[in-house]
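Below is one structure, written out as structure tokens; comments come after it.
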Amino acid sequence: MTGRTTERYNPRVEEPRWQKAWEDGKSFEVKHDDSRKPYYVLEMFPYPSGRIHMGHVRNYTMGDVLARYMRAMGRNVLHPMGWDAFGLPAENAAMQNKVHPKAWTYANIAAMRKQLKSIGLGIDWSREFATCDVEYYSKQQKLFLDFLREGLVTRKKSKVNWDPVDMTVLANEQVVDGRGWRSGAIVEQRELNQWAFKVSDFAEELLEALDTLDHWPEKVRVMQRNWIGKSEGLRLLFELTEQWQKFTSIEVFTTRPDTIFGASFIAISADHPLAQSLADNPEVAAFIAETRRHGTATETIDKAEKLGIFTGLHVKHPVKPGATLPVYIANFVLMDYGTGAIFGCPAHDQRDLDFARRYDLPVLPVVLPDGADAATFEVDSEAYNGPGRIYHSEFLDGLEIDAAKKAIAAHFAERTVDNLPQGKVEVNYRLRDWGVSRQRYWGCPIPVIHCENCGAVPVPDKDLPVVLPEDVSFDRPGNPLDHHPSWKHVACPKCAGPATRETDTMDTFVDSSWYFARFTAPHADTPTIPGIANTWLPVDQYIGGVEHAILHLLYSRFFTRAMKQTGHLNLSEPFKGLFTQGMVVHETYQLGTGPNGEWVSPADIRIEQVDGERRASMRQTGEAVAIGSIEKMSKSKKNVVDPDEIVSTYGADTARWFMLSDSPPERDVQWTEAGIEGASRFLQRVWKLVGDFLDLEDDIASRLKGDSDAGVLELRKVVHRAVANVGGEIEGLRFNRAVAQIYELSNAIAKFSQSVASSVSRAQRDAFREAVERLVQLVAPMMPHLAETCWAALGKTGLVVDAPWPVADQSLLVDSTVVLPVQVNGKRRGEITVPVGAAKELVEKEVLSLEAVARMLEGKPPKKLVIVPDRIVNVVI
RNA sequence: GCGGGCGUGAUGGAAUGGUAGACAUACCGGACUUAAAAUCCGGAGGGGGUAUCCCCGUGUGGGUUCGAGUCCCACCGCCCGCACCA
């Protein structure tokens, strides 16, 4: 015996060695002009926070496995990496630690790049970029200008959450109970001039094209559909009984014009111009202020009461001559949907009903549910919004809802109010234009110059890039670009008069809306090289967290269309396949209970099993620790496991293997000590199987005897079955099932290895070699370093990373006989072994001669005999 | 409230309408060892029986089918998304 089997595989030595080999051999660098068919795998690029976490390891490992597999399948695989590097945390760091955002960001990138490289990802690092590189954001400025020329960008006033202390705009999620999350100041609503991408122009197309994205999770498509929020309805003018200031009518939007005869009030938003015009009245003003305050508070919208205030105004009922409806300002009507005004039909809308009950307004049902009695049907506390026939509605009576909608729309189309058609069919979308202006420093400058004479003037292409100045200070609140002594003062490109630069920068979602295209030609002088981009795109498989299911993906879809319109790309959908992976979760541990409880890190505790019960205690002191719920890894709960520590203890391959085992990739995976240990054991097991084979080879002279082929066919069948299945599982991103197949294979090899330990035939030796070689290849996308070491030890020339994916021998996948389970009345009572494709007569004979079947038949013939060829037999008695 | 998803051993999870629990983790037993770890072999859904075997079993209750974890209906529970969208 040589010592091979006793030598443990040492990832600390092997992993850096192979990483260097791949790098030196430029294994993962790709060119677009390659005869192989292109394949583009992309994982959502990370924000450079400074350290990677296990979620990254999982995400990038999945992409890497697919990339390596596709490469072995002969595809020209693009698998790049970059950094989503602009954003607020860099500015926060600047304020807290006096570091420049740029220095902070690039230092973080360097640290994270090193970590990512240590997990052995097959990335084309020559394509790496950060969105804060001037080379990148200058191209983004070019895109902005092209979009502007094309009419895809507008400037408009929009309402923002303004933090008066930090002097900045806050996103909705940064507003907590009406206060700024950082300053605690009461947030104001301000109208600011903002640049916006006209996403809403594409609403219908973005909605319709969702149907073509059949490699996307249904869940994400549903979320986008809801977000776009299409609704078809009628715009309807209600004439005021008396003119008030300039107002002679109120325009409402409704999807239920069929219920017009049940209308009992009009409600307008607190932000409606008519409401504003009434604000001289202190009660109205107070109501509006109160409503707005609530608008920014989170939560409990569900329980919020429907409140309103009567304006003193009335409108004419459009279909009941002589009748009028009161006009209220109501807290549940939104200004930015529809027209900011509604008509209330309490019988058929729950909100309207709640409101009507509170203010004692009439409730008249006009839709009669099928089977209900018109004389007795009533609406009490629950509005009826189901199907039925219209009644109490004169010329609409007897119609179904849809027919009534059409009839009433036609009716109003022929009437006029203020010389306008009284009703107009309209499609409304919830999706709004994308405001991209941010009053921040660390982002892509918006390439526009404001001139008193010429207005907003685009920076001429020749003057790009507009570079962020580096000499900025974060000593005072507000936007450092605005405070900069000289940066913003420039001459107007049009009239050469004094002008100022736009000091707003772009939302960081802009940066991530086209990076996937930039990767196809990352060093080009133009944003893309269309000829190259069009060959790679769309991304074949995009992988990332579901938290980006709406905004990032929707904006990228918009951008792709906008880039098509401006000639930078020639496609509409950026991501052909989308996969949303689950999170990495971990148990939590707490020292002490209740509010005094202190979270402790898994690294600091020890777990023991006492009488079948798991107990935790502090490693140092032995103090008892409570085992808490399983949650997403987070710093605040301290239930994090550091990838660096795992890689240095177990190696990257073990971490990768564990991230792929057991849990289906779309679900959360629970990190456990036992799990990582198990993965490590398997890695050593593969190494040992290869070692067992090599030991046998080394000593072949004394061990080779006989010509037995015992176990050979059996082993080869398992090998080829695994070869046939694993690839498909990887392609379908069912890594857990691929892993199970590989376990089965290694179990079969181990068993075989035992059986030939003392003497082996040539046929057995050959089968053994084939088995370990295939095992190494199948395992290679997941544990690439181990695979290279094994491949080299097996004496193969070249790297396994360059070896083509193995092909299964079809003849070994089919059996000559098959075991058929035999059921009696659906319950399994035995089995028979028959040749594949056996005639029914033979099967029938075999089945009836089974003792268990004969016993249950008691001599009678079966009522029915169901034979599913090569699958199952069911005897019905 | 609306929309989507999921309920299978102690645990993570397998299962084109066709032998439920593959594979793994934890556990138990055995071998090796002075001992432990590692490794190897074996066991294991629950209940009954010496055993051939028998009964029960995929959240609950119905249904379709020769046959249901899988399809249909109702209910219960959990998770996620949107949330006063007219």
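Proteins get letters first, then strands, A, B, ... in listed order; numbering begins at 1 in each.
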Just call it for A:N874: base, sugar-phosphate, or nothing, with non-hydrogen atoms closer than 4.0 Å on any strand.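 Base contact.
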State whether [X] places a side-chain N or O below 4.0 Å from either non-bridging phosphate oxygen (OP1 or OP2) of [N].
| X | N | result |
| --- | --- | --- |
| A:S661 | B:rC23 | no |
| A:N747 | B:rC23 | no |
| A:K827 | B:rA68 | no |
| A:R667 | B:rG13 | yes |

Give, ordered by number, those residues of residues 334-347 of chain A having at least one heavy-atom distance below 4.0 Å to an atom of RNA chain B; if nothing qualifies, reply none.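 Under 4.0 Å from RNA chain B: A:L334, A:Y337, A:I342.
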Quiz question: by atom type and distance under 3.5 Å, do the side chains of A:T672 and A:Q670 form a donor-acceptor pair?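 Side-chain D/A pair, A:T672 to A:Q670: absent.
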Go through the side-chain N and O atoms of A:R828 and A:N874 and say whether any donor and acceptor fall under 3.5 Å apart.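 Checked: A:R828/A:N874 side chains show no N/O donor-acceptor pair below 3.5 Å.
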At less than 3.5 Å, do the side-chain atoms of [X] and the base atoms of [N] form a donor-acceptor pair?
| X | N | answer |
| --- | --- | --- |
| A:R681 | B:rU25 | no |
| A:K219 | B:rC80 | no |
| A:D662 | B:rG12 | yes |

Is the A:Y650 to A:F658 ring centre distance short of 6.0 Å?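 Judged by ring-centre distance (under 6.0 Å), A:Y650 and A:F658 do not meet the cut-off.
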Counting distance only, does the side-chain N/O of A:T255 pair as donor-acceptor with the main-chain N or O of A:E232 below 3.5 Å?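 No; judged by distance alone, with no hydrogens or angles, the pair does not exist.
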As an exercise, state the distance from CD of A:Q741 to CD1 of A:I730, rounded to the nearest 0.5 Å.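 Between A:Q741 CD and A:I730 CD1, I get 10.5 Å after rounding to 0.5 Å.
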